[in-house]
Amino acid sequence: MKKQNYTIAQNRLVAADTYKLVLSGPGPVNGEFVHLDIPGYYLRRPFSVCDSCEGSLTLLYKTVGEGTKALAKLPEGTSLSVLTGLGKGFDAKACKAGALLVGGGLGAAPLYLLAKELKAQGKRVTAVMGFNKADEIVLREEFEALCDTFALATLDGSVGTKGFVTDALKALQLEYDYFYTCGPMVMMKAVCGLLEGPGEASLEERMGCGAGFCYGCSLQTTQGPRRVCKDGPVFKMEDLIW
Amino acid sequence: MKKQNYTIAQNRLVAADTYKLVLSGPGPVNGEFVHLDIPGYYLRRPFSVCDSCEGSLTLLYKTVGEGTKALAKLPEGTSLSVLTGLGKGFDAKACKAGALLVGGGLGAAPLYLLAKELKAQGKRVTAVMGFNKADEIVLREEFEALCDTFALATLDGSVGTKGFVTDALKALQLEYDYFYTCGPMVMMKAVCGLLEGPGEASLEERMGCGAGFCYGCSLQTTQGPRRVCKDGPVFKMEDLIW
Amino acid sequence: MVKDLSVELCELQLKNPVVPASGTFGFGLELADEMDLNVLGGISLKGSTREARYGNPTPRIAEASCGMLNAVGLQNPGIDVLVNEKVPALRKIYSGAIIANISGFSVEEYRECCAKADACPGIDIIEVNISCPNVHGGGLAFGTSAQAAAQVTATVREVCHNKPVFIKLSPNVTDIVEIARACEDAGADGLTLVNTFLGMRIDIARRKPVLANTTGGFSGAAIFPIALRMVYQVAHACHIPVMGCGGVTSARDVVEMMMAGATAVQVGAENLRNPFACPEIIGQLPSVMEELHIDSLKEIIGTV
Amino acid sequence: MVKDLSVELCELQLKNPVVPASGTFGFGLELADEMDLNVLGGISLKGSTREARYGNPTPRIAEASCGMLNAVGLQNPGIDVLVNEKVPALRKIYSGAIIANISGFSVEEYRECCAKADACPGIDIIEVNISCPNVHGGGLAFGTSAQAAAQVTATVREVCHNKPVFIKLSPNVTDIVEIARACEDAGADGLTLVNTFLGMRIDIARRKPVLANTTGGFSGAAIFPIALRMVYQVAHACHIPVMGCGGVTSARDVVEMMMAGATAVQVGAENLRNPFACPEIIGQLPSVMEELHIDSLKEIIGTV
Ligand SMILES: Cc1cc2nc3c(=O)[nH]c(=O)nc-3n(C[C@H](O)[C@H](O)[C@H](O)COP(=O)(O)OP(=O)(O)OC[C@H]3O[C@@H](n4cnc5c(N)ncnc54)[C@H](O)[C@@H]3O)c2cc1C
Ligand SMILES: Cc1cc2nc3c(=O)[nH]c(=O)nc-3n(C[C@H](O)[C@H](O)[C@H](O)COP(=O)(O)OP(=O)(O)OC[C@H]3O[C@@H](n4cnc5c(N)ncnc54)[C@H](O)[C@@H]3O)c2cc1C
Ligand SMILES: Cc1cc2nc3c(=O)[nH]c(=O)nc-3n(C[C@H](O)[C@H](O)[C@H](O)COP(=O)(O)O)c2cc1C
Ligand SMILES: Cc1cc2nc3c(=O)[nH]c(=O)nc-3n(C[C@H](O)[C@H](O)[C@H](O)COP(=O)(O)O)c2cc1C
Ligand code: FES
Ligand code: FES
């Protein structure tokens with residue numbers, strides 16, 4: 001874990017209520033997510049690392065509440081305190097040859113970084129992403145360029161399969177030995193119910209410290225209580241109690 | 001009273017621990033002082049209007065506590081919420097022909113605006129200002145250019161009379177029909193004790209609203225309780241109980 | 001759709017639930033030139049006592065994170081000036097609910113002041129502040145003992161024939177519900193909660209308390225979660241209406257207080273930071289209601 | 001001049017007064033890789049109970065202005081794991097004061113747990129959290145009744161032969177001094193104050209409490225003036241040392257708490273915002289002391 005200041009290099013609307021935040025500062029960063037101090041708000045906000053390279057860190061966020069709405073108003077050049085190196089992420093090595101990535105909404109963000117890693121390891125990657133509407137779609141070109149197979153589902157049918165991401169999964173010939181999912185809980189529950197394992201899912205919980213010492217984010221698992229921020233956010237499918 | 005946003009056009013160190021803050025926005029403003037919202041601090045801070053013209057407002061402030069230290073760090077372009085049109089100021093019309101202005105430290109700030117007004121009314125102005133040390137002196141050129149007579153006192157004797165402003169007063173041939181003073185309480189008490197009236201003094205008190213409705217700043221006067229922010233900050237010498 | 005902001009408080013129609021809290025809006029008159037007072041649902045006037053009071057020595061104001069302390073000490077011109085001058089003057093320009101806030105240092109003083117307020121035609125609600133020290137009861141506030149609170153309530157209830165009586169509770173207690181129930185049982189028509197928390201700041205450079213009075217009443221955004229909890233507990237335990245107060249700064253806070261059980265919502269220290277806080281909050285309410293699919297504020301009271 | 005940060009707490013030498021508060025620093029071990037723990041004056045460990053507890057359902061955390069609510073609900077692996085595993089592991093890497101924080105739902109549970117803590121060589125101070133509901137006493141917290149607080153104190157004092165016992169008080173009371181005196185009279189060696197305030201937040205979009213547990217403990221910068229007032233009152237009324245806690249976020253706050261009467265100062269929720277809060281505060285202390293002309297922190301305790 002590191003606490004460092006980053007400077008906003010870009011903070012741009014890229015889809016409906018969705019912003020791309022590029023921070024310049026120490027990188028690439030470790031960990032699955034970062035804990036961001038939004039000026040004026042007491043607790044930090046957790047966001048998945050969508051991408052990170054030398055000198056930069058990219059996040060995708062949705063304006064859902066007061067903190068993210070305030071974040072969206074911050075101009076380039078603003079300095080932000082960021083905790084990095086947090087969370088146990090997806091285990092790219094767990095996949096032998098073919099990976100299936102299933103995302104819902106901004107669950108796409110950490111899956112993008114995972115897809116890059118899997119491709120770097122020479123694995124076959126199928127990605128299926130679900131969104132409510134066409135204007136909420138993010139990272140489409142990026143996934144298309146990277147993945148061997150890429151499919152979309154939208155609830156209103158405006159793009160790709162009409163319906164849930166599970167409907168798109170059913171419509172595909174799936175070849176994978178390991179799956180990874182990130183998105184709303186109901187979606188991940190449906191995905192884990194539908195797909196053959198092994199696989200893993202990235203969870204969300206309201207956090208205090210984000211760093212494993214306040215026990216605010218505990219989850220009951222088949223292995224006993226686990227901290228989403230430290231023992232997760234990624235958990236093996238079989239450990240989860242839905 | 002008006003609540004409006006101003007933008008920092010200049011925020012510059014001009015003397016020891018003393019900053020000149022030029023705000024662009026609606027002007028000239030009414031009132032003796034403004035109540036400034038420093039981001040991150042609960043209460044507003046009161047500062048005397050040192051100068052104001054079309055589209056701008058100038059304050060001089062000393063970094064004495066947390067709020068003013070934070071203010072000193074704000075860059076140009078920062079937007080600040082300011083309450084203007086506050087306080088009953090010096091009564092320039094009370095002076096018939098010759099005014100004596102006696103300031104201590106940043107008490108010089110509102111006296112500068114007063115001096116401009118008195119000169120615009122064609123009155124003779126003598127200004128005597130006291131500071132601790134030479135490096136704390138502010139507005140010297142401005143007063144020199146404006147006033148008929150201008151004298152300085154410094155505690156360490158580095159510039160002007162060595163000692164208190166009262167020592168400088170004693171050393172001068174004073175011709176005035178009305179005096180005005182602003183500075184630390186002990187100084188003003190000494191000035192009011194030394195000088196023949198009529199005269200008036202500008203007080204300071206910890207403020208809540210700054211606008212006359214919370215009764216946080218009440219002062220016992222010979223006329224009964226008075227609000228420093230609304231009935232003052234300028235009071236007639238004879239109304240004050242030291 | 002047009003949003004209905006109105007609420008009903010003891011058969012009184014308020015055009016909206018937003019009321020500046022006692023002591024943070026003077027007698028209304030101080031702000032008459034600055035805004036259209038008639039947008040306000042009600043105004044709770046500065047606390048009044050039998051005799052005129054200067055209050056505590058200055059400094060009376062101290063700052064804290066997200067809040068402030070005050071030790072004004074009930075500066076006021078006395079109940080007679082209130083009913084003979086302040087209220088009539090305000091009534092001339094303001095048509096909403098006028099709430100007289102009454103303080104006292106003995107049961108007898110509460111009785112006298114409330115009787116005078118009850119007889120004053122301009123006043124709509126009598127709000128009895130029981131956070132003052134009980135000079136006859138050893139200095140402990142009336143509001144910190146269920147028995148003393150009930151005694152004050154019963155006494156003023158007896159002399160108030162025309163107007164609803166709200167008892168304003170102190171949050172500095174172990175069990176707010178016990179005090180609230182005691183007031184309800186003693187005949188209160190409604191409750192206002194909360195008043196300020198007893199707090200303190202030290203000037204570490206001078207090595208002295210910031211306030212001349214050493215301690216003061218702490219309020220502002222900082223206390224909102226505690227005030228909200230108390231409103232929630234009391235509204236669920238009592239059957240009389242509650243005016244929620246403590247740390248409210250926005251239209252969202254008003255909605256949160258109402259969901260917790262408040263029929264009206266008072267805004268205190270925020271007025272000191274922003275004299276236009278109440279009209280601004282009222283202005284924001286319709287769009288917050290729109291976002292939350294609320295058509296009428298009445299329908300959300302106590303829904304959580 | 002070299003600044004002396006050390007303080008003495010019940011004959012224990014602390015290299016400085018800064019102690020992470022219970023529940024906001026895990027068992028210390030969680031942060032061992034992130035910082036040099038040995039800069040800390042002491043560490044108050046996560047609250048332990050007789051049996052292992054998962055605690056409350058999530059969400060357990062809610063936000064507020066300048067503060068947060070938690071309803072962790074004493075998740076912990078139980079007293080045996082504490083004394084047999086956690087403390088020995090921490091003792092190996094940490095030489096400062098280790099404070100075991102003990103909770104219980106009955107007097108008997110406090111007795112058993114404290115006896116085990118007293119027998120554990122790595123522990124320096126036993127801190128007894130009496131804010132938990134008393135299952136045998138109708139659910140009201142031990143800390144809200146002087147009698148119950150005294151009973152717990154007397155009971156644990158009896159079984160603690162080796163170590164000083166600090167009773168950690170709840171601020172949710174009418175008269176903190178009464179409770180503090182009761183604990184002192186019952187044999188407490190010191191007092192820690194304060195614990196969290198009972199608070200609540202509502203998610204107005206979902207129309208439900210934010211916390212699964214409905215209410216939670218409110219703490220952070222927001223509560224500082226109330227905590228400071230209580231420390232001031234208690235330190236002036238009692239003769240045993242006080243560890244001040246509540247809303248401390250900076251070296252200046254530490255100094256303010258000490259001037260109010262605290263011998264050591266705990267930092268709680270601020271650690272959640274900034275895991276490096278304690279080492280940073282300790283780092284700032286010398287320059288703040290320089291500015292205020294303080295050579296030794298010992299000399300400012302209770303000077304206001
Ligand atoms: C490991 C992890 C990774 C995440 N990655 C992303 C991401 O890449 N992009 C993105 O848009 N969002 C992500 N989220 C969700 C994001 O943290 C919340 O949307 C955000 O905290 C909401 O803040 P707010 O101030 O707008 O909401 P408010 O409701 O005003 O916030 C109030 C409090 O609730 C917390 N909170 C509210 N919603 C959530 C939530 N869904 N999860 C956790 N805490 C919440 C806030 O952090 C804050 O403490 C992630 C959450 C977790 C746990
Ligand atoms: C009518 C009036 C005009 C003033 N004009 C000027 C000016 O032109 N230039 C200037 O430098 N200063 C002026 N002051 C003093 C200035 O308001 C304080 O120096 C400033 O508020 C200190 O803020 P802080 O956050 O640095 O101090 P802190 O001590 O951190 O502030 C804590 C609280 O105390 C209040 N406070 C502290 N010192 C004073 C003080 N001397 N007077 C009133 N409130 C205080 C603050 O406003 C704040 O509410 C004036 C004060 C008044 C009442
Ligand atoms: C400056 C000031 C003066 C106050 N005077 C009174 C008073 O006279 N009578 C009263 O019942 N409450 C008084 N209060 C308490 C407020 O009415 C309100 O109950 C309290 O401040 C909590 O609300 P807030 O957090 O919105 O400020 C006063 C509060 C402040 C800040
Ligand atoms: C997440 C969290 C967990 C806590 N757990 C405990 C606990 O187990 N035992 C205890 O005595 N206090 C516990 N507390 C209370 C703190 O130790 C401290 O008394 C309180 O938070 C006030 O200090 P603060 O304002 O600095 O947070 C907890 C506080 C928080 C925020
Ligand atoms: S958020 Fe603190 S342990 Fe997970
Ligand atoms: S500061 Fe509010 S009346 Fe003067």
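First the proteins, then the strands, lettered A, B, ... as listed; each starts at 1. Model, not experiment: these values are computed from the prediction.
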Below 3.5 Å only, please: all the donor-acceptor pairs between chain A and chain D, one per line.
unit_1	atom_1	unit_2	atom_2	d
Met1(A)	N	Glu34(D)	OE1	3.2
Lys3(A)	NZ	Glu280(D)	OE2	2.7
Tyr42(A)	N	Glu63(D)	OE2	3.0
Tyr42(A)	O	Arg273(D)	NH1	2.6
Leu43(A)	N	Glu63(D)	OE2	2.7
Arg44(A)	NE	Arg273(D)	O	2.5
Arg44(A)	NH2	Arg273(D)	O	3.3
Arg45(A)	NH1	Glu63(D)	OE1	3.2
Arg45(A)	NH1	Glu63(D)	OE2	2.7
Arg45(A)	NH2	Glu63(D)	OE1	2.8
Glu205(A)	OE1	Thr58(D)	OG1	2.9
Phe213(A)	O	Gly26(D)	N	3.0
Tyr215(A)	O	Arg60(D)	NH1	2.7
Tyr215(A)	OH	Glu30(D)	OE2	2.5
Ser218(A)	O	Tyr54(D)	OH	3.0
Ser218(A)	OG	Gln75(D)	OE1	2.5
Ser218(A)	OG	Gln75(D)	NE2	3.2

Please name all residues satisfying salt bridge (charged side-chain N to carboxylate O under 4.0 Å, His left out) with Lys189(A), sequence neighbours left out, ordered by chain then number.
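Salt bridge (charged side-chain N to carboxylate O under 4.0 Å, His left out) check on Lys189(A) returns nothing, list empty.
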Please tell me if the side chains of Val234(A) and Asp91(A) come closer than 4.5 Å, counting only heavy atoms from C-beta onward.
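Not in contact.
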Any heavy-atom pair between the side chains of Phe179(A) and Glu200(A) that's under 4.5 Å?
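They are not in side-chain contact.
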Which heavy atom in [X] sits nearest to a heavy atom in [Y], and how many Å separate them?
{"X": "Ala134(A)", "Y": "Thr154(A)", "answer": "N-CG2, 4.2 Å"}
{"X": "Leu82(D)", "Y": "Ala100(D)", "answer": "CD2-CB, 4.2 Å"}
{"X": "Gly89(A)", "Y": "Glu32(A)", "answer": "CA-OE1, 3.1 Å"}

Examine whether an atom of Ala64(D) lies under 4.5 Å from a heavy atom of chain A, and if so say whether it belongs to the side chain, the backbone or both; otherwise answer neither.
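Ala64(D) touches chain A through backbone heavy atoms alone.
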Could you tell me which portion of Ala62(D) (side chain, backbone, both or neither) has an atom closer than 4.5 angstrom to a non-hydrogen atom of chain A?
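Backbone only.
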Greatest number of heavy atom pairs closer than 4.5 Å to chain A - which of Gly23(D), Gly28(D), Cys66(D):
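Looking at each of Gly23(D), Gly28(D), Cys66(D) in turn, Cys66(D) comes out on top.
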Whether over 12 other heavy atoms sit under 6.0 Å from Phe27(D) CZ:
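Buried by this count: over 12 neighbours within 6.0 Å.
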Is Leu219(A) in contact with chain D via its backbone, its side chain, both, or neither, using a 4.5 Å heavy-atom distance?
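For Leu219(A), the contact with chain D is made by the backbone alone.
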Between Gly210(A), Ala211(A), Cys209(A), Cys217(A), who has the most heavy-atom pairs with chain D when the cutoff is under 4.5 Å?
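Highest number of pairs under 4.5 Å: Cys209(A).
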Residues Leu40(D), Val19(D); criterion side chain to side chain contact (heavy atoms under 4.5 Å, CB included); working and verdict
CA-CA 6 Å; Leu40(D) 305 170; Val19(D) 175; over 6 Å; no
